[in-house]
Amino acid sequence: MRSPARVAQQVRGLVVVSRTAGSAYGCHPLKVARIARRVRRRQGFEYAEALRVGALDPALAEAERAAFVSRDANLRAQGPLNGDNETPAITGDKTVFYRYCALLGIAVPEMYGILDTRASSWSATGRVMTGTRDIEAFVAEDLPARFVVKPSEGYAGRGVRLVERRDDGMLQVNGRTTTTTAFWSELRADDEFAVWIVQELLVNHPDMNAIGGSETLHTARITTFVRREGPPTILFASLKLAISGGAVDNFQAGATGNAMAEIDGEGRVGAVYTTNPGPAGLQRRADNPLTGEPLTGRPLPGWEDARRMVLDAAPHFLPYRALGWDVAFTPGGPVIVETNTRWLPLPYPEMPAIHQMMLDEGGRG
Amino acid sequence: MRGAALPRQAAQLLAVSLAAARAYRTSPVQAARRARALRRAQHYDYREALGEGLLDPRMPEDQRALHGSRHATLLLQRTLNSESFAPIAGEKAVFYRYCEAVGLPTPRLFGIVDPAASGWSHTGLPVVGAEGFARFVREDLPDAWVIKPSAGYHGRGVRVLRRRGDVLTDSGGRTLTPAALHAELAADREFGAWVVQELLGNHPDLARLIDAPTLQTLRLVTLVDRAGGVDLLYGVLRIAVAGGATDNFLAGESGNGLANVSTADGTLEWVRLARPGGLGFVRAQELPGSGIRVAGMQLPDWEETASLVRRAALLFLPARALGWDVALTPDGPVIVEANMFWWPRSGPEQGALAERMRSA
């Protein structure tokens, strides 16, 4: 039974979203509220989510609106395909994922160590670490000058730190200057994560810098699917463009300030999506929103290798059948950065057909 | 909440004290005092102290003080075993694939079954629904195999199955169809995912110990020191004298025996059995019933086994104190499980063991 507090919270959310959309689209809030209620009932959209992806635009034909796939509907379709929260995933914990991939010969960032703020830590050199002095020696002796630290159970880019060790021994952590001891204390004080992995800092292939800029790594999300019969296939692919200046390229329906671009079957950049000025809907364009550089039709470097890599990797992760792989295009070739068992739908024209196919394959169509 | 727990603890203390008083012909008040002292000083649960025989008034105090409770051991293990490896050690669906990738011998994994979602067959295809499971059993599995919960423990839910035509028979002689088994798995309220794997057999030297095909495994606990060296903390061989589907000791409740292994040379020292009446243990040189002498018996392939777990321990860092269950088969040692949070063995030897973990 829904609690009165929850109902009140939803009503507040509906009012805020309706007013915002009414203002953005120049129509009465009540009209948008009715649309918001409809897409919630019919498609499982949260009010704010519907606003962000543009599903509340009153100018849309109803068939167009019905084609939007909500996060909730997508996750429900993924459930029976991806373990339904019962079968444990090799992908869930990055300490396991990276080791497993490396053993199978799948290209992943080199892992330098695992830091556990509550128990013992480990360096790839074989060093066992149990205290601050060991961590200091690890940073000074076992690591290259630049590396990444991220939570082993992280998600949506949370907690990712780009670290540079300076000649004077101080560290630059996401641009801040600190000491190894203070940095270790910071990790130990983290309320959300206890285990951190230390790994290679990947850099973009020069062609990727030309597409999205050189500040942050841009990754492609390539979604693979294993049908009941036949070889694995690619459902769709997109490119996350880290244009917001942060440490990560996550798009999150535009909430991060980053952009996202379609990738066609030949590995060429298609339409680019970014948030509209104002909070309602996504803008579809042909260039980099930051630089104005035309992007449509630009080939991704090493696309064929990336495609082959995720298709080869997918069977090793069964019974998980619908996986979203994040692939970096580096000067040395494509590298898998992570894989996701719960991935979000994109505003692609083919998304409703993909959603239906997932329901059918999972026996819930 | 402590307020709610207090009456429950008091009731447990009362029941345990009365049981100890009956068993040892002593005063319940004395037994209660002893149980309270063990709880305060050594973190013993009242029932655990009773089951371990620690409320026996004849036990010298210095001997009692050397025992270590499960809780005390758990606290030490948490300082040594990174939780990052819980998915590898705790979930067999992950553990076996990781071991296979890293080159550690484990039972061959034939598939993963999730009745509510998709499963996987070693042939490379998904296994979906009751029909898909029946096809998997018919076409992808050998005649005999094991199915067990991915997150299982203490042998719970383990089924050894043999197929003849379209009918399966379990180790208790019960027959069922693959569809009925699938329905059973789907109805299980404790476990959602199951692994299907090779049925291992005992090495002839171990097979002769019991009159049943039950797999008997060796528990070896490794400790990686700060310099990266690997010590064998202790070893025990589970002897399935009770004749059930598994060899688990379960603090003696299973009726099985636990033989102490010398980690220096792999010989068996004595076997621990539940004391008649269920409180505490007896040590024997021979197995009950058969009279087979186990003391002095050399485990087969000992050097290879010790070397295997030492190698495995380094592949599971940063977890530093792991309990490995190893099957000694006719083809050599095979790792069946790794446990991050293993129970300490019973006995005064626990004191020295705890000290080694504390200083590691």
Side-chain angles (χ1 to χ4, degrees), chain A residues 78-97 99-105 113-130 134 152-153 194-197 226-232 315-322 361-363, chain B residues 77-95 97-103 111-129 132 149-151 191-195 224-229 314-321 340 360:
Chain A
Q78 285 170 20
L81 301 170
N82 285 346
D84 237 352
N85 296 323
E86 291 287 1
T87 304
I90 297 177
T91 56
D93 192 300
K94 293 182 179 65
T95 57
V96 181
F97 173 72
R99 284 180 153 188
Y100 183 66
C101 285
L103 291 164
L104 293 174
I114 300 170
L115 305 181
D116 189 322
T117 56
R118 295 177 193 157
S120 298
S121 301
W122 165 84
S123 163
T125 60
R127 187 195 297 269
V128 173
M129 299 174 276
T130 58
D134 290 337
S152 70
E153 292 187 309
V195 183
W196 304 78
I197 57 168
V226 182
R227 293 175 185 271
R228 293 189 194 193
E229 302 287 344
H316 292 290
F317 291 84
L318 282 168
Y320 281 71
R321 298 167 61 193
E361 280 276 345
Chain B
Q77 287 165 347
R78 280 190 177 148
T79 66
L80 294 169
N81 289 338
S82 169
E83 68 178 57
S84 66
F85 267 64
I88 295 190
E91 288 285 357
K92 293 171 183 64
V94 177
F95 175 74
R97 295 181 113 174
Y98 181 81
C99 285
E100 189 182 326
V102 86
I112 299 169
V113 176
D114 184 340
S118 295
W120 163 84
S121 164
H122 65 107
T123 59
L125 290 177
V127 175
V128 185
S150 174
F191 303 112
W194 305 74
V195 294
V224 181
D225 63 30
R226 293 185 194 200
L314 294 174
L315 295 169
F316 278 68
L317 281 170
R320 295 171 61 197
M340 285 182 67

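Just so we're on the same page: letters track the sequence lines, and every chain starts at 1. If you're wondering where the values come from, they're calculated on a predicted model, not measured in any experiment.
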| query | Has the side chain of S118(B) got a donor or acceptor atom that lies under 3.5 Å from a matching backbone atom of Y320(A)? | reply | no
| Portion of S121(A) that has a non-hydrogen atom of chain B nearer than 4.5 angstrom | backbone
| said: Please identify, among L318(A), V195(A), D134(A), the residue contributing the most non-hydrogen atom pairs under 4.5 Å to chain B. | reply: L318(A)
| message | For a quick test of reading the model, state the closest non-hydrogen atom pair linking G79(A) to A117(B) and the distance between them. | response | O-CB, 4.1 Å
| message | Is R321(A) in contact with chain B via its backbone, its side chain, both, or neither, using a 4.5 Å heavy-atom distance? | response | side chain
| Candidates L115(A), I114(A), V128(A) - the one meeting side chain to side chain contact (heavy atoms under 4.5 Å, CB included) with P318(B) | I114(A)
| query | So how far is it from D225(B) CG to T130(A) OG1, rounded to the nearest 0.5 Å? | reply | 11.0 Å
| said: So which residue, R227(A), E153(A), R118(A), R99(A), ends up with the most heavy-atom pairs under 4.5 Å with chain B? | reply: R99(A)
| message | Under the rule for ring pair (Phe, Tyr, Trp, His ring centres under 6.0 Å), what residues qualify as partners of F97(A), not counting sequence neighbours? | response | F317(A)
| said: What part of S82(B) gets within 4.5 angstrom of chain A, counting heavy atoms only: side chain, backbone, both, or neither? | reply: both
| note | So OG1 of T95(A) and CG of L317(B): to nearest 0.5 Å the spacing works out to 12.5 Å
| request: Identify which part of F316(B) has an atom lying under 4.5 Å from any heavy atom of chain A, answering side chain, backbone, both or neither. | output: backbone
| field | chain A contact via V127(B) - which portion, at a heavy-atom distance below 4.5 Å | value | neither
| task | Looking only at non-hydrogen atoms, find the nearest pair between L125(B) and G230(A) and report the distance. | result | CD2-N, 4.3 Å
| request: Only counting residues at least two apart or in another chain, list the ones meeting ring pair (Phe, Tyr, Trp, His ring centres under 6.0 Å) with H122(B). | output: F110(B)
| remark: Closest heavy-atom pair, P315(A) versus W120(B), reported as atoms and distance to 0.1 Å, is O-NE1, 4.1 Å
| note | Whatever's closer than 4.5 Å to a heavy atom in chain A on R78(B) counts as backbone
